[in-house]
Protein chains: 2
Amino acid sequence: MQTIRDVAAMAGVSDKTVSRVVNGEPNVSAKTRERVEEAIAALEYIPNMGARLTRTNRSGVIGLITDVVSTTPNSVDIIRGIQDRISTEKQSLLIANTSGTREEEQRVWRTFQEHRIDGVLFATMYHRHITFDPPKPAMPTVLVNCTAEGRDDVPAVVPDDYQGGQAAAEFALDAGHRRIGFVTLNPLILAARLRGQAFEKTMQERGVTIRRDWIRSGYAGGVGEERICAFDVARDILSAPAADRPTVLLAGNDEIAMQCLFAAHALHLRVPDDVAIIGFDDFQKISAQVFPR
Amino acid sequence: MQTIRDVAAMAGVSDKTVSRVVNGEPNVSAKTRERVEEAIAALEYIPNMGARLTRTNRSGVIGLITDVVSTTPNSVDIIRGIQDRISTEKQSLLIANTSGTREEEQRVWRTFQEHRIDGVLFATMYHRHITFDPPKPAMPTVLVNCTAEGRDDVPAVVPDDYQGGQAAAEFALDAGHRRIGFVTLNPLILAARLRGQAFEKTMQERGVTIRRDWIRSGYAGGVGEERICAFDVARDILSAPAADRPTVLLAGNDEIAMQCLFAAHALHLRVPDDVAIIGFDDFQKISAQVFPR
DNA sequence: TTGAAAGCGCTAACAG
DNA sequence: CTGTTAGCGCTTTCAA
């Protein structure tokens, strides 16, 4: 593998001059620059980021820590967005999963430190609070989809779940529905709480009665180990006689929405005539492929 | 950030001795080793992989190139498997997407070269042939889910789609079905061809008539830009009178299977009584959440 | 078992 | 505009 010195020798300049060309620094004559670039091309020279790191303390790598984010549908879009932006910056992305375990998380931070990562994005699957305890010395970190409890010094990017819950409720109300059910996310999750609050507030403001027995969780079990049970729950709610069942079901996400749809099918209810269903999150693999759309 | 020399000074040894301890090399007395380890802990020393790279030519990083793999359901499992194995080896994984474009692919290879990646995994979304044209000097590469045309020097891990197609056909036949439809993947894809061949061969061997008009693609468009149309295709096939429609539909994947299911619903056919549906690939987000299971 | 010297490929700091 | 010197943090080589 060729080094900067090989290039310098071929172009008849010093290695520092080659360095200037490679890094796009000023103060190189057009002529010299051209000669150097020819040599680079001829020798197929590729700079060694590791060696550069020893002098600059900038590795050119951004680290992404995910809990289990890369398994969820919208997480793909998060990663995409990050990648698009990072490639603009001549940086690379080092992705690591923690599988949600404390132990793996420590390992990952260490790996990042070993590679002298320039910065870290810490992303979670659900919008939630985390206990954020990175090792020192600290690397610049931004939280994605989560907030660190008791730490207002860490920047975070989070969705506006409250607004989302409000929008869903208003959409149902504006469509004329008054008997509204809600198959929610795991209520232990922050996103579920925020959306739930927004739902209730909106219903109250509009003067529409909230039926507590129509608000039920589509997941059973603790955070991270929940099992979806939306089908059973929705079937239960929809089993009532027509006069005593909701005319629309809000769903905590599109997974739940799909199960509501199947529950309606199982009960021979027509969608959306007998019961309408409103999804959440726009999981492409579901929202784009379910009938009715 | 502490260096190996800081540790050496604190432990009262040479930096080379610290290096030996850090790398688990022999020829260090237990006593010395202990002193060094104490110093490492006290100073929170973390080795600099970049600096190490300049001497060893081993970066400790494996690169993963995906076309659009991280968007498909089973790709998640591929990445998981790779990560699990790599963490065993004290290596890290650098993931990069090419979005299927040639240009991005070149950029990615270059990034890997700059970081002196130890080896590359090149994974595709569909099982298919690729034109494999990595830059030189070559890095050790293994293909995942694809094979390089005209190159038998590149190791590859691929699924046995032929066997899969055979298994699906036999399952249907063993269940007593004789009128068998098949909503396939994009027939341009290798996986689709192999499964198709296996299907036809199996049907012939069992002496069951193949109805060409019941074998149709669930996707329209070229590879990589296809649009799913399985719902329409399945509805079309299933619209025939009971005596002239298949009693079972094989699906090219679970996305297609789900659309077949919705098509059956739309026609008020009972699944599996009127028509059975056999999925493929086990996309968890679908297979585990669809009713009937 | 340990360490001294040299050098990996690169860039910072400075001089010309 | 260009080059020289020094040195980043580590490992290799070889001597002790």
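Owing to the predicted nature of the structure, the values given are computational and were not obtained by experimental measurement. Below, read A as the first sequence line, B as the second, and so on, with proteins coming before strands; counting in each chain starts at 1.
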Below 4.0 angstrom from OP1 or OP2 of [N], is there any side-chain N or O of [X]?
| X | N | value |
| --- | --- | --- |
| S14(A) | dG3(D) | yes |
| S29(B) | dT2(C) | yes |
| T17(B) | dT1(C) | no |
| T3(A) | dC8(C) | no |
| S19(B) | dT11(D) | yes |

inquiry  = Can you tell me whether the side chain of R116(A) and the base of dG9(D) have a donor-acceptor pair closer than 3.5 Å?
reply    = no
Rounding to a whole Å, what distance do you find between [X]:[atom1] and [N]:[atom2]?
| X | N | atom1 | atom2 | answer |
| --- | --- | --- | --- | --- |
| N23(B) | dC10(D) | CG | P | 10 Å |
| N48(B) | dG7(D) | CG | P | 19 Å |
| N57(B) | dC10(C) | CG | P | 11 Å |
| Q2(B) | dC8(D) | CD | P | 14 Å |
| E34(B) | dT1(C) | CD | P | 16 Å |
| I4(B) | dG7(C) | CD1 | P | 19 Å |
| R55(A) | dG9(D) | CZ | P | 9 Å |
| M49(B) | dG9(C) | CE | P | 19 Å |

Tell me which nucleotide among [options] gets nearest to the side chain of [X].
| X | options | value |
| --- | --- | --- |
| K16(A) | dT11(D), dC10(D), dG3(D) | dG3(D) |
| R5(B) | dT2(C), dT11(D), dG9(D) | dG9(D) |
| N27(B) | dT1(C), dT2(D), dT11(D) | dT1(C) |

Salt bridge between [X] and [Y], side-chain N to carboxylate O under 4.0 Å?
| X | Y | result |
| --- | --- | --- |
| R102(A) | E105(A) | yes |
| R35(A) | E38(A) | no |
| R107(B) | E104(B) | yes |

Test: R195(A) cationic atom under 6.0 Å from F280(A) six-membered ring centre, within 45° of axis = yes
request  = Would you classify P26(A) as touching base, sugar-phosphate or nothing, given that sugar-phosphate means primed atoms plus P, OP1 and OP2, and contacts are heavy atoms under 4.0 Å?
outcome  = nothing
query = Quick one: on DNA chain C, does T54(B) or R52(A) contact a more 5' nucleotide (nearest heavy atom)?
reply =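 Closer to the 5' end of DNA chain C: T54(B).
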ask   = What class does the angle between the rings of F132(B) and F122(B) fall in, given that below 30° is parallel, 30 to 60° is tilted and above 60° is perpendicular?
value = perpendicular
